[in-house]
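Each remark here refers to the structure printed beneath this line.
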Amino acid sequence: MLRTFPKAYKGKHIFHPGVAMIKGKQVEVTSELPVIVQSDGEVLAKTPVNVTIRKDALLIV
């Protein structure tokens, strides 16, 4: 993780075998053991978790 984390700044972390890229309006994340789910460094929940993307919900300036 220490070697891969700095690659996140340039988007190169997506090539790591432990990283999965998925697209969809709704995504369900599950795991055998509970895993902490984070977004932008903030803890959101533990698995299992459902994530829904809302159109126009985020304003980016």
Side-chain angles (χ1 to χ4, degrees):
M1 172 134 174
L2 292 176
R3 288 182 181 172
T4 302
F5 187 72
K7 295 177 183 178
Y9 292 103
K10 294 184 180 181
K12 295 183 178 182
H13 65 292
I14 63 170
F15 302 110
H16 188 277
V19 174
M21 297 292 291
I22 31 181
K23 293 182 180 182
K25 293 180 181 179
Q26 185 169 1
V27 176
E28 181 180 5
V29 180
T30 61
S31 60
E32 290 183 19
L33 298 173
V35 176
I36 294 173
V37 177
Q38 296 183 9
S39 175
D40 200 23
E42 299 291 326
V43 175
L44 298 180
K46 289 185 181 179
T47 57
V49 64
N50 282 307
V51 180
T52 302
I53 307 303
R54 296 187 196 164
K55 185 177 180 179
D56 300 326
L58 180 63
L59 174 62
I60 299 175
V61 180

Fill in the blank from the handout: Grouping ILVMFWY residues whenever side-chain heavy atoms fall under 4.5 Å, the cluster of L33 otherwise contains none
Could you tabulate the donor-acceptor pairs under 3.5 Å formed by side-chain atoms of residues 21-30, not counting sequence neighbours?
none

Completion exercise
Applying side-chain contact (heavy atoms from CB on, under 4.5 Å) to Q38 and not counting sequence neighbours gives I36, V43
Exercise for the section: Compare every heavy atom of S31 with every heavy atom of T47, then report the nearest pair and how far apart it is. Expected result: OG1-OG, 2.6 Å
Problem - Side-chain touch L44/V49, heavy atoms, less than 4.5 angstrom - result: no
